[in-house]
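Because the structure is predicted, anything quoted here is derived from the model rather than measured. Each ligand, and each atom within it, is numbered from 1 in the order the structure gives.
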Amino acid sequence: MDLSLSEREAALVGLCRHFAQTQIATRAPGAWEEEHCPTDLLREMGNLGLLGVLVPEKWGGIGMSTVGFVAAMEQIGLADQSVAAAWQAHVTIGSLPLLLFGDDAQRERWLRPLAEGRALGAFGLTEPDAGSDVRSIRTRARRRDGGWTIDGGKAFISNAGTEMSFGVTLLARVDDGAGGDAGFASFVVEKDTPGFTMGPKLRGIGWRGLDTRQLYFDGVWVPDDHLVGDPHMGLSQFLRTLEVGRISVAALSLSLTQAVLDLALDYAKDRVQFGQSLASFQSVQFKLADIATELEAARWLTYRAAYLRDAGENFQKEAAMAKLKASRVATWAASEAVQVHGGLGTLLETPVARFYCDAKVLEIGEGTNEIQHLVIARALGC
Ligand SMILES: Cc1cc2nc3c(=O)[nH]c(=O)nc-3n(C[C@H](O)[C@H](O)[C@H](O)COP(=O)(O)OP(=O)(O)OC[C@H]3O[C@@H](n4cnc5c(N)ncnc54)[C@H](O)[C@@H]3O)c2cc1C
């Protein structure tokens, strides 16, 4: 496995580092405090081609490798986790169902604006009674008037409620016409479709700049050309999309761990107690050394999953392992980094406290870590 970056990948990393340091790091903390999604920053990322990072040029993207995306995410997430979370949700689960399973007309109509940074994509899977247990979704699609009527609701949907959002690609249970089930199918529902409404932005402990909401569908009618992919394979299409999402949450976790390591190291060198810097105490040194070591292990798993995807290999187990390991390392490292900061690290105006709050979601979104265990155990033959 050769993980040296190509010239193109390295150029993307340089671009993201510059944008993250000059724009995101300075402007995003305000959005976190005010709990609104900084779409101005996302639009600027769109102008740089970043919203179409995994989409081929033919459909308006920049056709970057998954390894390049992971490396770019390490830079964006270092500056702010909410912007990085919105970006990764758009790039993977928000866009990939259309790229991987849509037809050319759907790609032209919905994927191109997403890839060109003119709109933000959302993925509607979770429901109030169906989180990990995705087969329990109740949102139902029935054939009517040459199209489909959709009734139900979705929970915790990211990127659907901003002024940049185009709507949502959702998963519904398909009615067989006799009140029974004919499997699951995926549909695009554009914003402003009659019967499609949403709740207010949810208030989380972290990712406060990410727009996440409940969505409601009350007799929403969409024509046949809004059905994405195979009308019976919607669930497997969504699960395949989530595999890429797991690599990206792993990458987001790496960026958070690097951020808290940098913060803890700088603070430990500066802060003096008992007449010496914290960094001179062996117990602090060991914390920092442990974080650096675990980060490197998580990094290798994440790049390995990305490399396998780029090579066209099966990466399901590796993506689950990467997400499991990297998110665990991130939550633990954030806690250790707060510990190094002492009381200061508990104040919300410090970056380390914000990263601490942001970390927990990494173990929950795109399949909880318990679900990653199940995926890995199944791959082992359990
Ligand atoms: C900030 C945020 C953004 C999100 N964005 C999106 C989005 O854009 N689109 C979307 O569709 N969803 C989104 N989600 C939803 C997310 O994917 C779910 O929260 C997640 O899949 C878990 O579902 P749940 O919350 O219903 O928890 P539950 O499934 O109720 O799980 C609760 C606990 O039980 C455990 N558990 C459940 N089943 C098992 C089992 N079989 N074995 C062992 N343990 C089990 C879980 O691991 C967890 O610890 C988002 C969530 C958050 C917090």
Side-chain angles (χ1 to χ4, degrees), residues 32 35-37 77 80-97 114 120-139 152-162 164-173 184 186-189 198-217 234-235 237-246 248-250 252-253 256 319-320 323-324 327-328 330-331 354 357-378 382:
W32 196 94
E35 301 191 39
H36 76 84
C37 177
D80 183 75
Q81 290 282 299
S82 297
V83 170
W87 181 48
Q88 71 86 23
H90 164 89
V91 164
T92 61
I93 58 177
S95 302
L96 292 183
L114 296 179
L120 213 51
F123 174 86
L125 174 60
T126 306
E127 297 186 3
D129 293 324
S132 306
D133 182 11
V134 290
R135 288 179 178 277
S136 294
I137 63 164
R138 291 186 187 166
T139 297
K154 295 287 170 185
F156 291 110
I157 307 306
S158 301
N159 287 344
T162 74
M164 222 182 136
S165 304
F166 92 108
V168 62
T169 308
L170 61 78
L171 189 72
R173 188 175 280 283
F184 298 92
S186 160
F187 299 89
V188 167
V189 177
M198 55 187 81
K201 179 182 175 301
L202 300 171
R203 302 188 65 208
I205 52 173
W207 292 5
R208 292 191 187 175
L210 178 71
D211 189 286
T212 301
R213 295 169 191 256
Q214 314 289 96
L215 309 183
Y216 308 105
F217 307 92
L235 181 58
Q237 291 174 189
F238 263 44
L239 295 180
R240 275 188 57 196
T241 304
L242 277 173
E243 288 170 15
V244 191
R246 285 170 187 160
S248 107
V249 172
L252 189 56
S253 307
L256 187 142
K323 200 257 175 190
L324 176 65
S327 63
R328 272 179 174 170
T331 49
R354 284 198 299 273
C357 296
D358 288 331
K360 187 61 196 170
V361 197
L362 298 165
E363 295 189 321
I364 292 170
E366 322 246 344
T368 64
N369 281 5
E370 289 75 12
I371 295 306
Q372 308 314 315
H373 277 123
L374 292 179
V375 171
I376 297 162
R378 215 172 292 134
C382 295

To check your reading of the model: name the closest protein heavy atom to [atom], its residue, and the distance in Å.
{"atom": "atom 12 (N) of ligand 1", "value": "T126 OG1, 2.7 Å"}
{"atom": "atom 45 (C) of ligand 1", "value": "E370 CB, 4.2 Å"}
{"atom": "atom 48 (C) of ligand 1", "value": "T368 CG2, 4.0 Å"}
{"atom": "atom 39 (C) of ligand 1", "value": "I371 CD1, 4.3 Å"}

[atom] touched by protein (heavy atom, under 4.0 Å):
{"atom": "atom 6 (C) of ligand 1", "value": "yes"}
{"atom": "atom 1 (C) of ligand 1", "value": "yes"}
{"atom": "atom 34 (O) of ligand 1", "value": "no"}
{"atom": "atom 9 (N) of ligand 1", "value": "yes"}

Nearest heavy atom to atom 4 (C) of ligand 1 wins, so pick from F156, F238, W207, F123.
-> F156
Considering G204, A85, S158, which one's heavy-atom position lies nearest to atom 3 (C) of ligand 1?
-> S158
For ligand 1, find out whether one of its N or O atoms is nearer than 3.5 Å to an N or O atom of [X].
{"X": "S132", "answer": "yes"}
{"X": "T212", "answer": "no"}
{"X": "L125", "answer": "yes"}

Please check: side-chain N/O of [X] versus main-chain N/O of [Y], any donor-acceptor pairing under 3.5 Å?
{"X": "S165", "Y": "T162", "result": "yes"}
{"X": "Q214", "Y": "F156", "result": "yes"}
{"X": "E363", "Y": "T368", "result": "no"}
{"X": "H90", "Y": "G121", "result": "yes"}
{"X": "Q88", "Y": "A84", "result": "no"}

Decide yes or no on salt bridge (charged side-chain N to carboxylate O under 4.0 Å, His left out) for E35 and R203, but give the supporting numbers first.
-> CA-CA 8 Å; E35 301 191 39; R203 302 188 65 208; 3.0 Å; yes
Option passing side-chain contact (heavy atoms from CB on, under 4.5 Å) with K154 (candidates I137, V189, T126) = I137
Identified side-chain contact (heavy atoms from CB on, under 4.5 Å) partner of S248 from the options T92, I93, V91 = T92
Answer yes if the ring centres of F123 and F238 are under 6.0 angstrom apart, and no otherwise.
-> yes
Could you list the atoms of ligand 1 found under 4.0 angstrom from a heavy atom of [X]?
{"X": "I364", "result": "19 (O), 20 (C)"}
{"X": "I157", "result": "7 (C), 8 (O), 9 (N), 10 (C), 11 (O)"}
{"X": "L374", "result": "41 (N)"}
{"X": "E366", "result": "17 (O)"}
{"X": "G131", "result": "23 (O), 24 (P), 26 (O), 29 (O)"}
{"X": "V361", "result": "1 (C), 53 (C)"}

Salt-bridge criterion met for E127 and R138 (N-O under 4.0 Å) = no
Electrostatic pair R213:D211 at N-O distance under 4.0 angstrom = yes
For the residue pair S327 and N369, confirm or rule out a side-chain donor-acceptor distance under 3.5 Å.
-> yes
